[in-house]
Amino acid sequence: ITFRVICNMKVLSLFLFAALVASASATISPDTDSVFAVVSAPPPSTVDRMHVCPTCVSFATQGTNALLNYIANAGIVGGCGVMCGKVFNASKPLATACDLLCDYVGIKEFVALLKKADLDPIYMCEELKVCPVNDHGDAKISAMAVSPKSAPSSTKFLLTVPFTSTNGTGTGEFFLNVTTVDGQAISTTQLLESQAPGQYELKVTIDTTPADPSCDPSQQTCESWAKGTYPVFVQLCNGECGSKHPHSATYDSATTSFTITGTQ
């Protein structure tokens with residue numbers, strides 16, 4: 001009877017967490033650089049039917065550092081609600097997500113996973129059993145293209161990344177890097193939900209509007225987008241790109257470029 005009650009409570013917590021997604025997703029979202037904008041991505045996962053994985057990863061991306069700092073200074077005092085309430089007292093969605101995930105596995109296991117994940121949000125959420133794992137997945141990029149191929153600065157270049165999966169994909173990541181003519185690397189990442197076998201496509205705009213002279217490089221990308229050729233590199237990964245944790249690997253990578261011809 002006790003085991004059944006505990007299981008039911010865990011299932012209830014997951015349903016509550018799933019219900020939180022709709023209200024919290026707009027608030028719990030990682031900051032993105034204004035240079036890049038995802039205009040088209042694979043549809044919501046048909047593997048993760050409750051769609052809790054994206055919210056978990058977003059929470060872990062924003063909240064892990066704060067939780068680890070709190071635990072290092074204060075230790076584990078009180079239960080999940082006490083810890084999450086103190087760490088995220090300025091954000092109810094983050095506090096609620098933290099509390100539900102922590103209650104789902106228990107505070108000791110939750111803290112252990114925070115430390116074990118070592119700032120890898122996808123791996124943490126896989127270990128929490130809210131992000132699907134597929135260690136036999138694959139993704140092959142075909143005919144990546146950028147349009148237009150050349151244009152003056154202030155143009156929004158459109159990068160199209162089609163890919164095919166034969167065995168489906170695990171929870172993973174899309175990594176995009178643009179190397180500027182002055183040697184600055186500008187990059188972004190996008191969560192890729194676990195997908196069934198099929199054909200998919202990502203479309204990302206690259207805004208080459210020169211930064212304002214008052215731009216603060218410690219707060220945002222301050223690129224002049226001078227005349228020249230800009231190499232573009234992308235990766236599709238299982239798990240976080242570059243991670244050494246289990247369930248992590250590079251599916252495929254590709255390169256292209258665009259040219260800025262001058263100023264408008």
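We number each residue from 1, following the sequence as shown.
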### Summary
Closest non-hydrogen contact found for L192 with L202 is CD2-CD1, 3.9 Å
### Task
Consider only side-chain heavy atoms of I, L, V, M, F, W and Y, link residues closer than 4.5 Å, and tell whether Y200 and I122 are in one cluster.
no
### Task
Examine distances only and state if a side-chain atom of S243 and a backbone atom of H245 form a donor-acceptor pair shorter than 3.5 Å.
yes
### Query
Do side-chain atoms of E173 reach the backbone of C241 as a donor and acceptor pair under 3.5 angstrom?
yes
### Task
Would you kindly confirm whether V38 and V146 end up in one hydrophobic cluster when ILVMFWY residues are joined by side chain heavy atoms under 4.5 Å apart?
yes
### Query
Between the main-chain N or O of S257 and the side-chain N or O of K149, is there a donor-acceptor pair closer than 3.5 Å?
yes
### Query
When rounded to the nearest 0.5 angstrom, what is the spacing between NZ in K129 and CD in E127?
5.5 Å
#### Entry: Any side-chain heavy-atom pair of T180 and Y230 under 4.5 Å
yes
#### Entry: Contact list for residues 202-221, test salt bridge (charged side-chain N to carboxylate O under 4.0 Å, His left out), sequence neighbours left out
E201-K203
### Query
With hydrophobic residues grouped by side-chain heavy-atom distances under 4.5 Å, do F175 and V204 end up in a single group?
no
### Query
If you draw a 6.0 Å radius around CD in Q199, do more than 12 non-hydrogen atoms from other residues or ligands fall strictly inside?
no
### Query
Would you find a donor on one side and an acceptor on the other, under 3.5 Å apart, between the side chain of T61 and the backbone of V57?
yes
### Query
So which heavy atom on Y104 is nearest to which on L128, and how close?
CE2-O, 3.1 Å
### Task
Quick one: pull up CG in L100 and OG1 in T55 and give me the separation to the nearest 0.5 Å.
11.0 Å
### Task
Ignoring hydrogens and angles, tell me if any N or O in the side chain of S58 forms a donor-acceptor pair with the backbone of P54 under 3.5 Å.
no
### Query
Counting only N and O atoms by type, is there a donor-acceptor contact under 3.5 Å from the side chain of D99 to the main-chain atoms of C84?
no
### Query
With side chains defined as the heavy atoms from C-beta onward, is the minimum distance between V35 and I206 less than 4.5 Å?
yes
#### Entry: Residue pair C131, C56: steps toward the disulfide bond (SG atoms under 2.5 Å apart) verdict
CA-CA 8 Å; C131 283; C56 178; 5.3 Å; no
### Message
Is there a disulfide between C102 and C80 in this structure (defined here as SG atoms under 2.5 Å apart)?
### Response
yes
### Task
Find out if a path of hydrophobic residues (ILVMFWY) with successive side-chain heavy-atom gaps under 4.5 Å connects L68 to V82.
no
### Query
What do the steps show when you test C125 against C53 for disulfide bond (SG atoms under 2.5 Å apart), and what is the final call?
CA-CA 7 Å; C125 293; C53 180; over 6 Å; no
Donor-acceptor pairs under 3.5 Å, side chain of residues 155-166 to any protein atom, not counting sequence neighbours: which ones?
| residue | atom | partner | partner atom | Å |
| --- | --- | --- | --- | --- |
| T155 | OG1 | P152 | O | 2.7 |
| S165 | OG | D138 | O | 2.7 |
| S165 | OG | G168 | N | 2.8 |
| S165 | OG | G168 | O | 3.1 |

### Query
Is the backbone of G239 close enough, under 3.5 Å, to the side chain of D120 for a donor and an acceptor to pair up by distance?
no
### Query
Okay, side chain of T208, backbone of S154: is any donor-acceptor separation there less than 3.5 Å?
yes
### Task
Please name all residues satisfying side-chain hydrogen bond (donor to acceptor under 3.5 Å, both in side chains) with Q190, sequence neighbours left out, ordered by chain then number.
none
### Query
Roughly how far, to the nearest 0.5 Å, is the SG atom of C222 from the CD atom of Q184?
8.0 Å
#### Entry: Ring geometry between F59 and F88 (parallel below 30°, tilted from 30 to 60°, perpendicular above 60°)
perpendicular
### Query
So, do Y123 and D118 sit near enough that their side-chain heavy atoms are less than 4.5 Å apart?
no
### Query
So which heavy atom on E193 is nearest to which on T169, and how close?
O-OG1, 3.8 Å
## Note on the structure
Closest heavy-atom pair, V105 versus E109, reported as atoms and distance to 0.1 Å, is O-CB, 3.5 Å
### Task
Please assess N177 against Q235 for the test side-chain contact (heavy atoms from CB on, under 4.5 Å), listing each intermediate value before the final yes or no.
CA-CA 9 Å; N177 182 82; Q235 277 184 310; over 6 Å; no
### Query
Counting distance only, does the side-chain N/O of Q195 pair as donor-acceptor with the main-chain N or O of P43 below 3.5 Å?
yes
### Query
Got a donor-acceptor contact below 3.5 angstrom from the N238 side chain to the G172 backbone?
no
